[in-house]
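Keep in mind that the numbers below use all heavy atoms, side chains included, and drop hydrogens, waters and symmetry copies. When a ligand or atom number is given, it counts from 1 through the structure's own listing order. Just so it is clear, the model here is predicted, and its values are computed rather than measured. Here, residue 1 is the first one in the sequence, and each next residue gets the next number.
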Amino acid sequence: MKKAASYALGCKVNQYESEAIAELFAEKGYEIVGIDEAADVYVINTCTVTNFGDKKSRQLIRKVKRQNENAVVAVVGCYAQTAPKEIMEIEGVNLVIGTKDRGQIVEMVEKYNPEDGVENHVSDIMKERVFEPLSIQRLANRTRAYLKIQDGCSQYCAYCIIPFARGPIRSREPKDVLDEVKRLVKNGFQEVVLTGIHVASYGKDRQDTSLLEILRQVHEVEGIRRIRFSSIEPNAVTEEFAKTMAELPKVCQHFHLSLQSGCDKTLKEMNRKYDTEKYRQAAVLLRKYLREVALTTDIIVGFPGETEEDFQESYDFAKEIGFAKIHVFPYSPKKGTPAAERKDQLPNSVKTERSHKLIALSDEMSAAFLGQYIGKTTEVLYEKQVVEGIYEGHTSNYIKVHAKSPKDVSNQIVLTKITHTEGEIAFGEAVF
Ligand code: SF4
């Protein structure tokens, strides 16, 4: 039996796609093995969101070839899409595929003849208008599943290469989304995370659906207990959006609302399509309708030209909004983007200092957010046992909980009393 390994670097969308690719190989009779094991085929789904992503992708390609020099190495994903020639030059690469046509990957691998050298299957993603139908069955009985509903991005933020790696927005057929949710329920999943490159644009390229419409339809699927979005943009949060979230009880009270900067000048230079006032309104609306809502966000520090005052504005705004967690990213120039061309790049020392300040704020806010739950009882969906008698799960508003339970609570929603917190984890006891 031939062996195949499929591995994703980077985001949840890549992880979803790598799992789908593994299933394509499994359907054709391959045994699926881990990326560290000897295999006949390695599929590496690359990330190019930062130059560091590129480096990690190159290192992994070299590593797998050392594991089996006769293996076929297929490189797919964002880095392959934006720099196929660079990938072709890496020793050991056999096939370069990019961010489309991955549905035919097994055939490409099986037809491949090493005597023909490296094959480049990358084509122009900017002309793509249809969502590539990759899907997963997921026979493994787990709790939470990522479900890709959308691909591409047409926002062109000044620091981001992704629109060139993924092409324009494409929404998945509503029927395919619903069929996959039903399959997931059948396989024991209780929670689904709607994922995409720019989820907020779901439906904008179609006449027959919208983000709220697909959400309502997923909500109706019997057996699904929780629904989340991987992230959402402030512009998507209208009064109708917030109201709908409150009317649909399976929607989790957690939104990752991208901010990137809390300074209007920087937001404009980043080519983000909202300002702090719009962001504030989105936060107020979500809090008006969802009492327990947790907001998390991403913030970039040290964007070109960001002055000390701009950073302070960003910091103060983050403090004003109050997040359950901030993911802090020191700005990293990405070749091919307008921001990387700017002459007013900041030194790493400044970026590091600003990162530390913002991380400290995030830690303070996380502790305050978690602290409110001490002594309270809340519902937790448990995923697994971490040590004998202790189970790990998440609340609807995405607090990670470790709780004692005399019986197995894996894959169940159980009322839990929170007793104390440590770092980002709340500890407690299941209540029966
Ligand atoms: S919204 Fe901006 S940051 Fe996000 S993928 Fe699109 S261009 Fe990149």
| For E128, what residues pass the salt bridge (charged side-chain N to carboxylate O under 4.0 Å, His left out) criterion, not counting sequence neighbours? |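 Listed in chain order: K100.
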| query | Would K325 count as a cation-pi partner of F323, with NZ or CZ less than 6.0 Å from the six-membered ring centre and within 45° of the ring normal? | reply |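 Pair K325/F323 does not count as cation-pi.
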| query | How about H256 and H327: are their ring centroids closer than 6.0 Å? | reply |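 Yes, the ring of H256 comes within the 6.0 Å limit of the ring of H327, centre to centre.
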| query | Between F303 and Y331, does the ring centroid distance fall short of 6.0 Å? | reply |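 Between Y331 and F303, which both carry aromatic rings, the centre distance is below 6.0 Å.
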| task | Could you grab the distance from atom SG of C157 to atom CZ of R272, nearest 0.5 Å is fine? | result | 4.0 Å
| query | Using 4.0 Å as the upper bound for N to carboxylate O, is an ion pair formed by R183 and E180? | reply | yes
| note | Ignoring waters, protein N/O/S atoms under 2.8 Å from atom 2 (Fe) of ligand 1 are C157 SG
